[in-house]
Amino acid sequence: MPLSTSVPAIEVQGVSRDFEGKLALDDVSLRVGSGEIHALLGPNGAGKTTLIRILSGLTAPTSGTIRVLGIDGAKAGRNLQRLIALIPSGDRTFYLRLSGLENLLFFGRLYGLTFRTAAARARMALNSVGLADAVDLQTARYSHGMQKRLAVARALLIQAPVLLVDEPTHNLDPEGAERVRGLIREAAGSGAAVVWTTQRVDEIRGFAETVTLLHRGKVRFSGTVTQLLAHAARRTYLLRVRNGQVPSSGLQAALTAALGDEGTITTTSGDPDGCVLSLPEGVTLGEALARLMAAGFQILACRDERPAIEQAFLQLTGEGS
């Protein structure tokens, strides 16, 4: 089915889901365009997986509507499943007695591919996720990370215009996680709309274009990652200065002279060379450090105490201090 540029690939409007009187989702709306990676961010229990199940047709919403490529999800039936590839969070979605290749052949045929097409795509997909040497290995012998990559290969098999990705990098090592993100970037670059769920706030920066933050089933934020970062009220950094330049009174005086009363700097307990720099929104770290160094302070190291994107997450969910 050709992708339409006039309608979003995914449109969720006012979706709620009630489980025995408890709302797992409460009036959730979002839009995802073709070629866009949209992060669905939230802590455990936020409703992310419930929304993924609704989008994939595995669960019906209590109220609200979803549309995929302009098609009403409630009326699409099996046609909806042919438009969507799901990468679930769990591992138990394969036949463990079959090899990786045999599993992909089975699912390819289930999706309606001819044997020849399924075989060719299966080998290509296995190669792309780094499982070329394990095509004939029984899936029961795959490690946790290998099964995650096999799930990505299965999603790539049908070249679906919509990818639903439910915490695929959970428990993966950094190399495996980056390989998975790279494959999803390539799929989005080929025009697929991607919904990527995660509770790892650091994962979405430089990866997703837009984000919806869910907390207790409600949308707390929806917009670009840059707009999300604007909700970080203050940014804090750990500094190390040359021995003898603490106590903080001199640093604070220099900072106040440069930036006014909004910036603060305090010593860290048990570290005579360490201090914490706190900056309000609108003041760049580079500007603050330049002013301090111009005042004669030699700064040896600087790092985020808490990344801005994590601060924004905690601010919006009410979990921040």
Among Val195, Ile84, Val194, side-chain contact (heavy atoms from CB on, under 4.5 Å) partner for Val162: Ile84
Ile52, Leu164, Leu41, Thr212 screened by side-chain contact (heavy atoms from CB on, under 4.5 Å) with Thr197, the one that passes: Ile52
Under 3.5 Å donor-acceptor, Lys48 side chain and Trp196 backbone: no
Nearest non-hydrogen partners of Ile299 and Met293, listed with the distance: CD1-CG, 4.1 Å
Closest heavy-atom pair and its distance - Gly47, Leu25: O-CD2, 3.4 Å
For Leu214 against Ala46, the heavy-atom pair lying closest together: O-CB, 3.4 Å
Sidechain-backbone polar pair: Asn103 side chain, Ser99 backbone, donor-acceptor under 3.5 Å: yes
Sidechain N-carboxylate O distance under 4.0 Å for Glu102, Arg97: no
Donor-acceptor contact below 3.5 Å, side chain Ser16 vs main chain Thr62: no
Cation-pi, Tyr111 ring and Arg109 (6.0 angstrom, 45 degrees): no
Backbone N/O of Thr114 and side chain of Thr117: donor-acceptor pair under 3.5 Å: no
Test log, rule side-chain contact (heavy atoms from CB on, under 4.5 Å), inputs Arg31 and Val12: CA-CA 6 Å; Arg31 294 160 62 97; Val12 177; over 6 Å; no
Val152-Leu110 co-clustered via ILVMFWY side chain contacts under 4.5 Å: yes
Salt bridge (Lys or Arg N to Asp or Glu O under 4.0 Å) between Glu178 and Arg185, intermediate numbers included: CA-CA 10 Å; Glu178 183 52 37; Arg185 285 192 193 98; 3.0 Å; yes
Leu150-Leu98 co-clustered via ILVMFWY side chain contacts under 4.5 Å: yes
